[in-house]
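A short write-up of the structure that comes next.
Computed from heavy atoms alone, side chains included, the values below leave out hydrogens, waters and symmetry copies.
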Amino acid sequence: MQDALLALNAGSSSIKFALYRIDASGNPSLAGAGQVDAIGTAPHLRVADAVGRPVAERRWPEGGRLGHEALLDALLSEIERQLGANRLIAAGHRVVHGGDEFVAPVLVNEELLRRLDALVPLAPLHQPHNLAAIRAVAAVRPNLPQAACFDTAFHHGMPALARQVALPRAVAGEGVRRYGFHGLSYEYIAGELARVAPELGRVVVAHLGNGASLCALKAGRSVETTMSFTALDGLVMGTRCGVLDPGIVLYLLNRGMSAGEVEDLLYHRSGLLGVSGISGDMRTLLASPEQAAREAIELFVYRCAQQAAALAAALGGIDGFVFTAGIGENAAPVRAMICERLAWLGLALDPVANERGAMRISTRDSRIAALVVPTDEQLMIARHTLAALGR
Ligand code: ADP
């Protein structure tokens with residue numbers, strides 16, 4: 001009999017999961033993965049084995065009102081069926097915001113959930129769904145230990161200077177400071193870089209997915225990042241605006257928009273979607289012949305290169321640039337455009353390696369190494385959950 005762990009990443013309309021067996025040396029090894037999609041409309045559960053072959057599927061065509069509890073109950077039942085005699089020992093969750101207080105993975109209890117509720121205004125798009133999934137699992141499997149793994153935690157050690165915002169001290173005292181996100185991804189990448197390119201001391205990592213950010217790593221630790229107080233800051237994203245003159249928010253409010261309308265505009269209707277008017281999905285934009293699609297991609301690339309240079313300044317130089325997540329791992333044309341804008345820093349792209357999706361996409365004599373390293377946030381959740389369990 002073997003122990004198993006479930007890693008969960010719950011969003012507004014989907015729950016992604018990965019199942020790990022704990023091998024003889026105590027490490028998690030992938031046993032299966034999948035997701036529940038279309039929550040709120042017609043939920044669809046898919047489970048695949050470790051190499052991506054489908055093993056189970058369930059649809060609820062009329063299930064628009066099914067909540068996290070019913071769906072996680074179905075998901076857990078399916079996983080328990082797959083596990084047979086093996087035992088699920090814990091579930092670990094990605095929790096976007098840990099605030100100042102939570103800088104390491106922790107086991108969940110009622111008191112913790114109450115404190116994490118207080119951080120919802122700092123991550124309104126993600127935190128409520130992360131916490132709803134934890135509560136749902138607690139309701140349907142009350143004896144299953146659960147761990148919260150925080151996306152902010154990896155940035156906790158950023159220098160005080162990088163964490164500061166230039167507002168009065170009293171406001172900063174309320175916790176208004178730069179936190180940073182995508183920490184599970186950056187921690188995983190830092191671990192991979194220590195293995196595959198330990199010679200790179202000062203690295204900028206670009207996590208380019210629907211949400212997108214950059215992280216400056218010095219000797220494997222985060223010293224600066226582009227998302228800050230919320231996940232709105234920094235790069236142009238699928239539907240989020242990225243860095244913006246705060247005067248624009250004041251203008252919109254004074255023009256008569258409510259705070260809720262501005263929030264919806266900045267989180268859901270901006271970024272690639274807002275600029276192109278076509279889609280927030282990079283693949284769709286790359287395939288589009290429209291000028292507006294091209295302009296959105298160019299703005300995405302321009303801001304990414306510009307902020308990468310800002311992070312290089314924070315690092316005092318740069319030895320490597322790493323692409324990861326959906327766009328970073330798959331969109332060769334976007335990688336090429338970003339590298340072209342970083343050529344002045346000494347980055348020379350090898351176009352053939354880039355098209356092929358090789359791990360190293362810079363030329364041999366490039367002063368800066370450019371790499372593509374696939375991220376694995378679920379594995380990081382599994383490792384953190386084991387740590388929270390004290391194993
Ligand atoms: P999330 O932040 O939701 O986890 P992902 O990391 O999956 O997002 O990234 C999603 C983004 O990656 C989308 O913009 C999608 O279009 C883009 N993407 C995925 N595959 C490709 C591809 N082959 N070519 C270009 N873009 C891609």
Atom pair CG/CG of Asn9 and Leu184 - distance to nearest 0.5 Å: 8.5 Å
Partners meeting ring-ring contact (aromatic ring centres under 6.0 Å, His included) with Phe300 (sequence neighbours left out): none
Arg294 (side chain) donor-acceptor with Pro289 (main chain) under 3.5 angstrom: no
Considering all heavy atoms, the nearest Ile361-Leu371 contact: CG1-N, 4.4 Å
Close side-chain approach of Leu19 and Leu88, heavy atoms under 4.5 Å: yes
For the student: nearest non-hydrogen atoms of Asn130 and Arg94, plus distance: CG-O, 3.3 Å
Audit row: His155, Phe181, ring-ring contact (aromatic ring centres under 6.0 Å, His included) steps and yes/no: CA-CA 8 Å; His155 303 293; Phe181 299 89; 7.9 Å; no
Minimum heavy-atom distance between Ala74 and Trp60, given as atom pair plus value: CB-CZ2, 3.7 Å
Set of residues satisfying side chain to side chain contact (heavy atoms under 4.5 Å, CB included) with respect to Arg221, sequence neighbours excluded: none
Gap separating the CZ atom of Arg21 from the CG atom of Asn27, nearest 0.5 angstrom: 15.5 Å
Closest contact, heavy atoms only, Leu285 versus Ala296: CD1-CB, 4.2 Å
Heavy-atom check, side chain of Ile89 versus side chain of Arg391, under 4.5 Å: yes
Contact check, side chains of Tyr267 and Thr230, non-hydrogen atoms, under 4.5 Å: yes
Salt bridge (Lys or Arg N to Asp or Glu O under 4.0 Å): pairs with one or both residues in residues 362-373, sequence neighbours excluded: none
Under the side chain to side chain contact (heavy atoms under 4.5 Å, CB included) test, residues paired with Ala358 that sit two or more places apart: Ala353, Arg356
Side chain to side chain contact (heavy atoms under 4.5 Å, CB included) against Arg81, all qualifying residues, sequence neighbours excluded: Glu78
Note, Leu8 side chain near Leu75 side chain (heavy atom, < 4.5 Å): yes
Side-chain donor-acceptor contact under 3.5 Å, His44 with Gln35: no
Pairwise distance CG(Asp281) to CG(Leu286) - rounded to 0.5 angstrom: 9.0 Å
Distance, nearest 0.5 Å, that separates CZ of Arg341 from SG of Cys304: 11.0 Å
Any donor-acceptor N/O pair, Ser276 side chain to Ala292 backbone, under 3.5 Å: no
Within-4.5 Å side-chain heavy-atom neighbours: Leu45 and Phe17: yes
Greater than 12 external heavy atoms within 6.0 Å of Glu298's CD: yes
Thr324 (side chain) donor-acceptor with Thr375 (main chain) under 3.5 angstrom: yes
Pairwise side-chain contact, Gln127 with Leu122, heavy-atom cut-off 4.5 Å (strictly under): no
Under-4.0 Å salt bridge between Arg360 and Asp350: no
Backbone N/O of Gly32 and side chain of Asp49: donor-acceptor pair under 3.5 Å: no
Expected list for residues 306-321: side-chain donor-acceptor pairs under 3.5 angstrom, two or more places apart:
residue: Gln306; atom: NE2; partner: Tyr302; partner atom: OH; Å: 3.2
residue: Gln307; atom: NE2; partner: Gly234; partner atom: O; Å: 3.1
residue: Asp319; atom: OD1; partner: Arg202; partner atom: NH2; Å: 2.9
residue: Asp319; atom: OD2; partner: Gly201; partner atom: N; Å: 3.4
residue: Asp319; atom: OD2; partner: Arg202; partner atom: N; Å: 2.8
residue: Asp319; atom: OD2; partner: Arg202; partner atom: NE; Å: 3.2

Distance-only donor-acceptor hits, side chain of residues 204-218, under 3.5 Å, sequence neighbours excluded:
residue: His207; atom: ND1; partner: Ser185; partner atom: OG; Å: 2.8
residue: Ser213; atom: OG; partner: His182; partner atom: ND1; Å: 2.8
residue: Ser213; atom: OG; partner: Tyr186; partner atom: OH; Å: 2.6

Under 3.5 Å donor-acceptor, Ser366 side chain and Ala369 backbone: no
Residue pairs, two or more places apart or on separate chains, that pass side chain to side chain donor-acceptor pair (under 3.5 Å) and touch residues 134-150: Asp73-Arg141, Ser77-Arg141, Glu80-Arg141, His93-Gln146, Asp117-Arg135
Partner residues of Phe102 under the ring-ring contact (aromatic ring centres under 6.0 Å, His included) criterion, sequence neighbours left out: Phe150
Met227 side chain near Met237 side chain, heavy-atom distance below 4.5 Å: yes
Side-chain touch Ser13/Asp37, heavy atoms, less than 4.5 angstrom: no
Approximate separation, where rounding is to 0.5 Å, of Arg87 CZ and Asp3 CG: 4.5 Å
Ile22 versus Gln2, closest heavy-atom pair with distance: O-NE2, 3.5 Å
Under 3.5 Å: donor-acceptor pair, side chain of Asp264, backbone of Gly260: no
Atom pair CD1 (Ile278) and CG (Leu273), whose distance is rounded to the nearest 0.5 Å: 9.5 Å
ILVMFWY network linking Met282 to Met337, side-chain heavy atoms under 4.5 angstrom: yes
Crowding at CD, Glu111 (>12 non-hydrogen neighbours, <6.0 Å): yes
Test item: Thr152 side-chain N/O and Gly98 main-chain N/O as donor-acceptor pair under 3.5 Å: yes
Minimum heavy-atom distance between Leu272 and Gly280, given as atom pair plus value: CD1-O, 3.7 Å
Check: Thr41 side chain, Ala38 main-chain N or O, donor-acceptor pair, under 3.5 Å: yes
CZ (Arg53) with more than 12 external heavy atoms under 6.0 Å: no
Quiz: residues 244-253 side-chain donor-acceptor pairs under 3.5 angstrom, not counting sequence neighbours:
residue: Asp245; atom: OD1; partner: Gly247; partner atom: N; Å: 2.7

Listing, residues 380-387 side-chain donor-acceptor contacts under 3.5 Å, not counting sequence neighbours, or none:
residue: His384; atom: NE2; partner: Glu187; partner atom: OE1; Å: 3.0
residue: His384; atom: NE2; partner: Glu187; partner atom: OE2; Å: 3.2
residue: Thr385; atom: OG1; partner: Ile381; partner atom: O; Å: 2.7

Sequence-distant partners of Arg169, side chain to side chain contact (heavy atoms under 4.5 Å, CB included), two or more places apart: none
